[in-house]
Amino acid sequence: MSFILLLLDWYHTHKRPLPWRLERKVFNVWLSEIILQQTRVNQGLNYYEKFVNHFSDVHELAKADEQLVLNLWQGLGYYTRARNLHKTAKIISNDFHGEFPNNFNDLKKLPGIGPYTAAAIASICFDEKVPAIDGNAYRVYARLFGLDKDISDSNAHKFYFNYVLEIMPNENTGDFNEAIMELGATICMPQSPKCKDCPIAESCVAYQTGRIEKYPVKTKKVKVRKRNFHYFFVFDALTNEFLVQKRINKDVWQNLYDLPMIETKTKNYDVSFIPKNKVSKVGELRHILTHQHLNIQFYEFQGGIEEFQTTTNQDFLRIKTSEIKHTPFPKPIASFLADKFPEMV
DNA sequence: CACTCGTGGTA
DNA sequence: TTACCAAGAGT
């Protein structure tokens, strides 16, 4: 294909100097790819640095407690990635003697490594000829070849995978995959793409036919659920302890910690077993997740820890304020605690 | 396989 | 305010 050399040449001169591009060890490439799933480079950079500073190799990561891994991941979202990162580290360390599989099919069997990530690692580290199709790639290929296939269809990946497999080069497949993504991230953006700076605009069907804004075709919208959370801050000033709970249910923020809470149908304080005269509202915020809009209200419980335990008849954990920095909290809880104990964050 | 998993940036 | 979506994967 005539665009390939132009694309690779552009990539070699314009690619961003990102830390995971310094050395192409599988551990570093794998870590960066997991962090970057559904995450912009700027958001993931600090987390990548934190992880490589804490863990020099896959064995060190495997030996860590999950709580530490989640704590390092705190604030990045999609925490299943952190749990699966840790699971795969254990598998590689314990069962594979620290060596990652060297091919697409075996990589894809590992927790947290799906079709995209397996292709990225296999092409970057082992020069295997497999298309890495992420959100950037869907958009670039749709525009470049004028593909009308709806990328929200469940079989869109198979369609693009097979299509790209026919046109991609036999060698330097990692550079090719990364170049497509880099182009999507810096030139061929979703809105207002910089076609005048694009090295392959001459080959771009969408550009040449003036239909850039038509691609990619994506029809399905996300359905948002509204939820109302009431959080209780139950604090003992003598011991500097407060109540928390681990979120073990199959719900958002699994395996992270938050405060004792009640979910209600409406924003109203509809909590029968904790009288309203025992609490004072100390904060309210909206927190937006992909499929959920949360209205979160915070209350200080006026009684002590013992009274709260008795009143709710639940067994909460108590932690000291000095443990906040070692406990993984979701963003809104972390923000609440950071506001309350700025010196403890 | 449709749905569910965060958080932040941008128009 | 709303909408979109980012180096996707698991169930």
Side-chain angles (χ1 to χ4, degrees), chain A residues 11 15-16 18 20-21 28-48 70 73-85 87-88 107-124 131-141 151-158 160-161 174 176-186 188-193 213 216 218-225 227 247 249-256 258 285-294 296 328-335:
Chain A
Y11 178 64
K15 64 179 175 183
R16 293 165 290 180
L18 303 172
W20 48 84
R21 287 176 174 164
N28 299 74
V29 172
W30 164 67
L31 176 60
S32 72
E33 291 297 344
I34 302 299
I35 288 175
L36 292 177
Q37 286 168 5
Q38 293 289 281
T39 304
R40 291 174 201 281
V41 164
N42 282 339
Q43 192 185 359
L45 266 175
N46 293 339
Y47 289 88
Y48 176 82
L70 285 172
W73 202 272
Q74 175 176 315
L76 192 55
Y78 283 153
Y79 298 93
T80 300
R81 292 183 294 170
R83 299 194 297 272
N84 283 335
L85 182 83
K87 282 185 191 171
T88 287
L107 283 163
K108 200 149 50 71
K109 296 172 184 169
L110 295 164
I113 300 183
Y116 162 75
T117 304
I121 298 173
S123 62
I124 293 171
I133 315 287
D134 73 330
N136 291 310
Y138 277 122
R139 183 173 60 257
V140 172
Y141 290 131
I151 66 170
S152 52
D153 279 358
S154 55
N155 60 0
H157 182 268
K158 179 186 287 186
Y160 276 78
F161 186 95
F176 176 80
N177 281 331
E178 284 205 278
I180 291 290
M181 293 187 279
E182 188 82 354
L183 192 73
T186 63
C188 194
M189 299 112 74
Q191 290 97 16
S192 309
E213 72 285 353
K218 183 177 183 181
T219 59
K220 294 181 183 168
K221 317 285 184 192
V222 298
K223 189 174 181 183
V224 175
R225 175 163 65 122
R227 304 174 72 180
R247 297 182 58 88
N249 293 334
K250 190 180 174 198
D251 196 356
V252 294
W253 305 322
Q254 191 175 45
N255 287 14
L256 275 68
D258 64 357
L285 57 86
R286 285 160 53 84
H287 190 73
I288 309 296
L289 293 75
T290 303
H291 291 80
Q292 301 181 26
H293 286 191
L294 307 182
I296 299 180
F329 293 107
K331 187 66 180 178
I333 304 300
S335 298

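Just so we're clear, the structure is a prediction, and the values are computed from it rather than from any experiment. Chain identifiers are assigned alphabetically (A, B, ...) following the order of the sequence lines, protein sequences preceding nucleic acid strands; residue numbering begins at 1 within each chain. Quick note: numbers below take in every heavy atom, side chains included, and nothing from hydrogens, waters or symmetry partners.
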Chemist: Between A:W73 and B:dC5, does any side-chain N or O lie under 4.0 Å from OP1 or OP2?
Modeler: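 So the side-chain polar atoms of A:W73 never come under 4.0 Å of the phosphate oxygens OP1 or OP2 of B:dC5.
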
Chemist: Looking at A:Q74, does any N or O in its side chain come under 4.0 Å of the phosphate oxygens OP1/OP2 on B:dT7?
Modeler: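 It does not, given that no N or O in the side chain of A:Q74 lies less than 4.0 Å from OP1 or OP2 of B:dT7.
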
Chemist: Give the C-alpha distance, both sets of side-chain angles, the deciding distance and a yes or no for side-chain contact (heavy atoms from CB on, under 4.5 Å) between A:R247 and A:Y79.
Modeler: CA-CA 12 Å; A:R247 297 182 58 88; A:Y79 298 93; over 6 Å; no

Chemist: State whether A:H291 places a side-chain N or O below 4.0 Å from either non-bridging phosphate oxygen (OP1 or OP2) of B:dC3.
Modeler: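 No, no such contact exists.
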
Chemist: Considering only heavy atoms and no angle criterion, is a donor-acceptor pair shorter than 3.5 Å present between the side chain of A:Y78 and the base of B:dG6?
Modeler: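 Pair found.
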
Chemist: Check the phosphate of C:dG10 against A:R83, side-chain N and O only, distance under 4.0 Å to OP1 or OP2. Yes or no?
Modeler: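 No, A:R83 has no side-chain N/O under 4.0 Å of OP1/OP2 on C:dG10.
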
Chemist: Using the C1' atom on both, measure B:dA11 against C:dA7 and round to a whole Å.
Modeler: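 Looking at atom C1' only, B:dA11 and C:dA7 are 22 Å apart.
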
Chemist: Taking the side chain from A:R83 and the backbone from A:Q254, do they hold a donor-acceptor pair closer than 3.5 Å?
Modeler: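 Yes: the side chain of A:R83 pairs with the backbone of A:Q254.
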
Chemist: Rounded to the nearest Å, what distance is computed from the CG atom of residue A:D153 to the P atom of nucleotide B:dA2?
Modeler: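 Atom CG in A:D153 sits about 9 Å away from atom P in B:dA2.
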
Chemist: Side-chain donor-acceptor pair under 3.5 Å between A:T39 and A:R81, yes or no?
Modeler: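 Per modelled atom types, A:T39 and A:R81 side chains form a pair under 3.5 Å.
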
Chemist: Does B:dT7 have OP1 or OP2 sitting under 4.0 Å from an N or O in the side chain of A:Y79?
Modeler: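 Indeed, a polar side-chain atom of A:Y79 lies that close.
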
Chemist: Between A:S152 and A:K218, is there a donor-acceptor pair closer than 3.5 Å when you use the side chain of the first and the backbone of the second?
Modeler: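 Here the side-chain-to-backbone pair does not exist.
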
Chemist: Among B:dT7, B:dA2, C:dA7, which is the nearest nucleotide to the side chain of A:W20?
Modeler: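 Comparing B:dT7, B:dA2, C:dA7 against the side chain of A:W20, the answer is C:dA7.
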
Chemist: It should be established whether A:Q37 places a side-chain nitrogen or oxygen under 4.0 Å from OP1 or OP2 of nucleotide C:dG8.
Modeler: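 Checking A:Q37 against C:dG8: no side-chain N or O falls below 4.0 Å of OP1 or OP2.
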
Chemist: Applying a 4.0 Å non-hydrogen cut-off, can you work out what A:G44 is touching in the nucleic acid: base, sugar-phosphate, or nothing?
Modeler: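 If one applies the 4.0 Å heavy-atom cut-off, A:G44 turns out to touch nothing in the nucleic acid.
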
Chemist: Hey, is the side chain of A:K220 poking within less than 4.0 Å of OP1 or OP2 on B:dA2, counting only N and O atoms?
Modeler: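 A:K220 to B:dA2 OP1/OP2: side-chain N or O found under 4.0 Å.
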
Chemist: Quick one: label A:D251 by what it contacts on the DNA or RNA (base, sugar-phosphate, nothing), any heavy atom closer than 4.0 Å.
Modeler: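 If one applies the 4.0 Å heavy-atom cut-off, A:D251 turns out to touch the sugar-phosphate alone, with no base involved.
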
Chemist: Classify the side chain of A:T290 versus the base of B:dG6 as yes if they form a donor-acceptor pair under 3.5 Å and no if they do not.
Modeler: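 Side chain to base: pair found, below 3.5 Å.
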
